[in-house]
Protein chains: 2
Amino acid sequence: MTIAQVSRQYGISADTLRYYERAGLIPPVGRGAGGIRDYREEDLRWVEFIQCMRSAGMPVETLARYVELVRQGEKTAQKRKSLLVEQRDKLVIQIQRLNEALEKLNGKIMRYDQQLLNTEKKLNGETD
Amino acid sequence: MTIAQVSRQYGISADTLRYYERAGLIPPVGRGAGGIRDYREEDLRWVEFIQCMRSAGMPVETLARYVELVRQGEKTAQKRKSLLVEQRDKLVIQIQRLNEALEKLNGKIMRYDQQLLNTEKKLNGETD
DNA sequence: CCTTGACTTGGAGCTAACTCCAGGTGTTAT
DNA sequence: ATAACACCTGGAGTTAGCTCCAAGTCAAGG
């Protein structure tokens, strides 16, 4: 699979895909004739994983550290797990924050609904 | 209340508080003798709101637009509401994304647990 | 053979959101 | 009155995460 196809499939620009690889978020993708990237099934699973984690705000640097550990082999399993656990904990906290903001927003929106309703009533001379 | 006190109370640096004000995220705070900021109850509620929204990732520019609408008075109520609704919708989507990432992380972590357990068993010669 | 088009690299440029700094002012303690 | 301190402003600097660009390579079509 070429970089253009991967880009279309996942909605990630080719520039970003190359950037991710340079930054070590995706292990080096194999090259075909003329040094052209050929994404294999395994690469696509990395792309998916990275896309998911990035869209949740996980830092590039952290993901690069994880990939590096994977590349170092089996012996780093323990470290990798604790890295993931750490990130999960952060994610849980962040979800809490978003939910708090959501509640606050909902409260405000409800108050606007109420207020706008009243304004309308006033304009209608309270006829309904 | 001085900027230092607000900073301590909310865990936001004085620099950031001033930046927020300059950027229009907080309506201009009243000044006492020598042009020193004196945060009133109303200002603190703004700080709280902004802190909550920013920690949920709402852009500074969007918040500034909201504040501007509030400053323009009652007639912008409709616009303000739709701005908030828009942001809420984005927030809901973002929460979904975080939850997807959370699930993926949990899956990976469980697999590591399993794998690490097996490794241990092998080392123990399957004695337990 | 020459052009077109998709790819390559290394590096520069951009935006958001702070964060820091220099130079200045006003209040307070010695 | 002079030093220390907390504050002020305008502006420069920093970081993360892309995003764009120039110059070059290669395969395919006319």
Side-chain angles (χ1 to χ4, degrees), chain A residues 1-40 43 46-47 49-68 87 90-91 94 97-98 101, chain B residues 1-40 43 46-47 49-68 87 90-91 94 97-98 101:
Chain A
M1 219 178 183
T2 72
I3 199 167
Q5 290 169 323
V6 177
S7 170
R8 247 168 279 136
Q9 175 152 347
Y10 291 96
I12 304 174
S13 80
D15 267 319
T16 299
L17 285 168
R18 279 189 284 256
Y19 162 69
Y20 282 170
E21 194 180 331
R22 260 197 268 187
L25 269 80
I26 295 167
V29 175
R31 310 305 166 101
I36 288 180
R37 286 174 182 77
D38 178 26
Y39 288 80
R40 312 274 286 275
D43 299 317
W46 271 111
V47 170
F49 175 64
I50 291 309
Q51 161 153 265
C52 180
M53 294 305 136
R54 283 297 304 126
S55 82
M58 191 174 303
V60 164
E61 194 234 325
T62 306
L63 288 166
R65 250 189 302 136
Y66 179 71
V67 174
E68 178 56 23
Q87 294 307 309
K90 284 186 182 165
L91 207 43
Q94 188 57 16
R97 286 210 199 91
L98 296 211
Chain B
M1 219 180 183
T2 72
I3 200 169
Q5 290 169 323
V6 178
S7 170
R8 246 168 279 135
Q9 175 154 347
Y10 292 96
I12 303 174
S13 79
D15 268 317
T16 298
L17 285 168
R18 280 189 285 254
Y19 162 68
Y20 282 168
E21 195 180 331
R22 261 197 267 187
L25 270 78
I26 296 168
V29 175
R31 311 303 167 103
I36 287 179
R37 285 173 183 78
D38 179 25
Y39 288 79
R40 312 273 286 274
D43 300 316
W46 271 111
V47 170
F49 175 65
I50 290 309
Q51 160 151 269
C52 181
M53 295 304 136
R54 283 295 306 124
S55 82
M58 190 174 303
V60 163
E61 195 236 325
T62 307
L63 289 165
R65 249 189 302 137
Y66 179 71
V67 173
E68 178 55 23
Q87 294 308 308
K90 284 186 184 167
L91 207 44
Q94 188 58 14
R97 286 209 201 93
L98 296 210

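Letters A, B, ... mirror the listed sequences (proteins, then strands); counts begin at 1. Predicted model only: the values in this text are computed from it and were never measured.
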Do B/Gln94 and B/Arg97 have side-chain atoms, one donor and one acceptor, less than 3.5 Å apart?
yes

Does [X] place a side-chain N or O at less than 4.0 Å from the phosphate oxygens OP1/OP2 of [N]?
X: B/Ser13; N: C/dC18; value: no
X: A/Thr2; N: C/dC7; value: yes
X: A/Arg54; N: D/dC18; value: yes

Run through A/Ile3, A/Val29, A/Thr16 and flag the one making a side-chain contact (heavy atoms from CB on, under 4.5 Å) with A/Glu21.
A/Val29

Report the nucleotide, chosen from [options], that has the shortest atom-to-atom distance to any side-chain atom of [X].
X: B/Asp15; options: C/dT8, D/dT9, C/dC20; result: C/dC20
X: A/Val60; options: D/dC18, C/dA17, C/dT8; result: D/dC18
X: B/Tyr19; options: D/dC18, D/dG10, C/dT19; result: C/dT19
X: A/Arg22; options: C/dG11, D/dC21, D/dC18; result: C/dG11
X: A/Arg18; options: C/dC18, D/dC7, C/dT9; result: C/dT9
X: B/Arg31; options: D/dC8, C/dC20, D/dT19; result: D/dC8
X: B/Arg37; options: D/dT9, D/dC18, C/dT9; result: D/dT9

DNA chain D nearest-nucleotide lookup for A/Leu25 and A/Ala33: closer to the 5′ end is A/Leu25

When you match A/Glu61 and A/Gly34 each to their closest nucleotide on DNA chain D, which lands nearer the 5' end?
A/Glu61

Scan B/Ala4 against the nucleic acid and name what it touches under 4.0 Å (heavy atoms): base, sugar-phosphate only, or nothing.
sugar-phosphate

Would you mind classifying the nucleic acid contact of B/Ala14 as base, sugar-phosphate or nothing, using non-hydrogen atoms under 4.0 angstrom?
nothing

Return the value, rounded to whole Å, for the distance between atom CD of B/Gln51 and atom P of C/dA17.
16 Å

